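As the structure is a computational prediction, the values presented were derived from the model and not from experiment.
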Amino acid sequence: MLVRRGFRYRIYPTPEQEARLRCWEGALRALWNLAHEQRRVYLSRGARCPSAFDQINQLTALRADVPWLADVPRNVCAQLLVDLDAAWQRCFARLARRPRWKKKGRDTVAITEPHPKTFRLTETGVVFPKLGEIRAVFHRPIAGIPNRCTIVREVDQWFVSVQCEQDIQEPEPTTRPAVAIDCGVANLLADSDGGLVPNPKHLEAALTRLARAQRVVSRRQKGSCRRERAKRCVAKLHRKIRRQRQHLLHVLSHRYAKSHGVVIVEKLNVAGMVRGGLGRQISGAGWSSFCSMLRYKLEATGGTLVEVPAAYSSQTCPACGTIDAASRHGERFRCVGCGHEAHADVNAAIVLLSRRNGGDAGRGGQGAIRPPMKRQLRVVRRGHSTVQVSGSFKSPGLQSG
Ligand SMILES: [Zn+2]
């Protein structure tokens, strides 16, 4: 089984290398915005959008005119245009929003060398085109054959991420049990075994520090050096929070991938919803990165990740199938139909578990009570088709008019 893994290492460019890398970042950002603008102009005229191939073909003439762009390796420029194309394709397929402009200080620019023959890993570092060897700390051994290499900056630290292809032996079919995980309201996660992961305190504390640092920025004069310095402070706090969260998600996904064979999660809404009050804990992006961590970790242990629709999972009774918002009492769940009691978040996870084989506690089940009125206009996505939940309903606006 061929798998792709990324290995990320801290690199320490010399001042000359760093200056050049920063110039490349600026050049690539300009190239992204230029190519993005070209696509927007074509689209606004109703013309066919230029493909990555078209844009890469124009690159030669552009690089001949613009010396600061010519300094960036051609492969790196071409890869950026491929990435932009991929972002647009995701948008056309309604999987993501429109690609954004890249803004200095806000967006990261990846410097990716997509051809395995153009870079090289040595004992002490990475040999990158035009830069020579950049010192790296290989804190863990690399496995597989490197096939692409990306340099990114996080505020003032540089990292290289090496993508490798590895032929691993097929893991044995698993006999470990199944579990469903739901992101909770009061807790970070709840699983169908009754396990609860509380919201981490350190993230809350970090968010307070972040708010304070952001106030400092807003007090300082625009364009001043002191404001820039305060902005770097904010960026570093963001970086810290991101790492704390990533660490936690890695630990949790590893735990589930090791102990369970099948993990069931809710299918994420395409629009990238942020549910309830936990938006700050696990936002849409956090949840999807948790799911992708689970996916590749399960892949290595012979397990699978199953996505099921999440509609009404918090209002459904797993015992009798009744759907009613009145069953929810904050953290408790008490069914209005049969009196079944459970922790609300755990209950939602148990409902997800029951939906695993297409079975759906509640929806269409025997003796199911229809969803409450205010919910009837809600549109539920099932697969690719859009299904209106209920028929006869007059909106309050129509009644008054
Ligand atoms: Zn019930």
Side-chain angles (χ1 to χ4, degrees), residues 4 6 20-119 129-130 147-153 161 163 267-274 283-285 287-289 291-292 307 379-388:
R4 274 194 191 151
R20 204 157 176 198
L21 279 169
R22 282 186 185 259
C23 286
W24 287 6
E25 275 189 318
L28 288 170
R29 187 169 51 238
L31 178 64
W32 173 283
N33 288 339
L34 190 68
H36 187 50
E37 171 69 16
Q38 189 188 34
R39 282 167 178 264
R40 281 164 49 99
V41 167
Y42 272 70
L43 279 180
S44 67
R45 288 182 191 153
R48 192 184 65 87
C49 211
S51 66
F53 187 74
D54 298 334
Q55 291 191 322
I56 290 169
N57 277 342
Q58 293 169 30
L59 203 54
T60 312
L62 184 66
R63 278 161 58 89
D65 287 347
V66 188
W68 43 262
L69 191 60
D71 189 50
V72 187
R74 192 194 144 86
N75 285 341
V76 175
C77 296
Q79 185 58 41
L80 186 86
L81 296 174
V82 171
D83 291 344
L84 176 69
D85 187 60
W88 273 100
Q89 294 308 328
R90 276 197 301 280
C91 166
F92 292 145
R94 299 194 181 279
L95 292 171
R97 290 186 201 147
R98 264 186 177 214
R100 288 210 300 185
W101 301 107
K102 281 201 187 289
K103 187 185 166 191
K104 187 175 183 180
R106 183 190 69 185
D107 298 300
T108 53
V109 183
I111 301 169
T112 301
E113 177 53 69
H115 294 293
K117 281 184 181 158
T118 49
F119 68 91
K130 293 196 178 182
N147 70 348
R148 65 150 72 190
C149 170
T150 301
I151 294 176
V152 286
R153 178 172 60 87
S161 143
Q163 193 193 68
K267 191 179 259 169
L268 197 71
N269 191 327
V270 176
M273 58 173 186
V274 179
S283 62
W287 182 248
S288 63
S289 81
C291 290
S292 63
E307 288 184 327
V379 171
V380 178
R381 278 179 193 279
R382 269 182 172 166
H384 296 291
S385 63
T386 305
V387 183
Q388 203 80 24

Closest non-hydrogen atoms of Arg40 and Arg98, given as atom of the first, atom of the second and distance, are NH1-NH1, 3.8 Å
Which of Val76, Asp71, Ile151 passes side chain to side chain contact (heavy atoms under 4.5 Å, CB included) with Trp24? Answer is Asp71
Discussion item. Is it true that, when you exclude Arg45 itself, more than 12 heavy atoms of the residues, nucleotides or ligands shown sit nearer than 6.0 Å to its CZ?
Written reply: no
* Counting N and O atoms only, with roles assigned by atom type, does the side chain of Asp54 sit under 3.5 Å from a partner on the main chain of Ser51, one being a donor and the other an acceptor? -> yes
Of all heavy-atom pairs linking Ala35 and Gln55, the shortest is O-NE2, 3.1 Å
So CG of Leu69 and SG of Cys23: to nearest 0.5 Å the spacing works out to 12.0 Å
Angle between ring planes, Trp101 versus His36, binned at 30° and 60°: parallel, tilted or perpendicular? perpendicular
For this session: Determine yes or no for a side-chain-to-main-chain donor-acceptor pair under 3.5 angstrom, with Gln38 supplying the side chain and Pro50 the backbone.
Result: no
On a heavy-atom basis, the closest approach of Lys130 and Ala70 is NZ-O, 3.2 Å
Closest heavy-atom pair, Asn147 versus Pro116, reported as atoms and distance to 0.1 Å, is O-CD, 3.6 Å
Query raised in the report: Do Phe119 and Asn75 have side chains that get closer than 4.5 Å, going by heavy atoms?
Result: no
(message) Quick one about Asp83 and Gln79 (side-chain donor to acceptor, distance below 3.5 Å, no hydrogens or angles considered), yes or no?
(response) yes
Tested for side chain to side chain contact (heavy atoms under 4.5 Å, CB included) against Leu31, the lone hit among Leu84, Val66, Leu62 is Leu62
Taking every heavy atom of Leu28 against every heavy atom of Leu80, the minimum-distance pair comes out as O-CD2, 3.2 Å
Rounded to the nearest 0.5 angstrom, the CG-CZ distance for Asp85 and Arg39 is 4.5 Å
Are the side chains of Ser161 and Val152 in touch, meaning some heavy atoms are under 4.5 Å apart? no
Distance col, row Cys149:SG vs Glu113:CD, nearest 0.5 angstrom, shows 7.5 Å
In short, Leu59 meets Ala78 closest at the heavy-atom pair CD2-N, 3.9 Å
Side chains of Thr60 and Arg74, heavy atoms from C-beta outward: is any pair under 4.5 Å? yes
Per side chain to side chain contact (heavy atoms under 4.5 Å, CB included), Val109 is matched among Arg153, Lys102, Arg22, Lys104 by Lys102
Item checked: Arg100 side chain to Asp107 backbone, donor-acceptor under 3.5 Å -> no
(Q) Contact between Ile56 and Val82 at the side-chain level, heavy atoms closer than 4.5 Å - yes or no? (A) yes
Practice problem: Without swapping roles, check the side chain of Arg90 against the backbone of Pro99 for a donor-acceptor pair under 3.5 Å. | Solution: no
Just wondering, more than 12 heavy atoms not from Arg4 lying within 6.0 Å of its CZ?
no
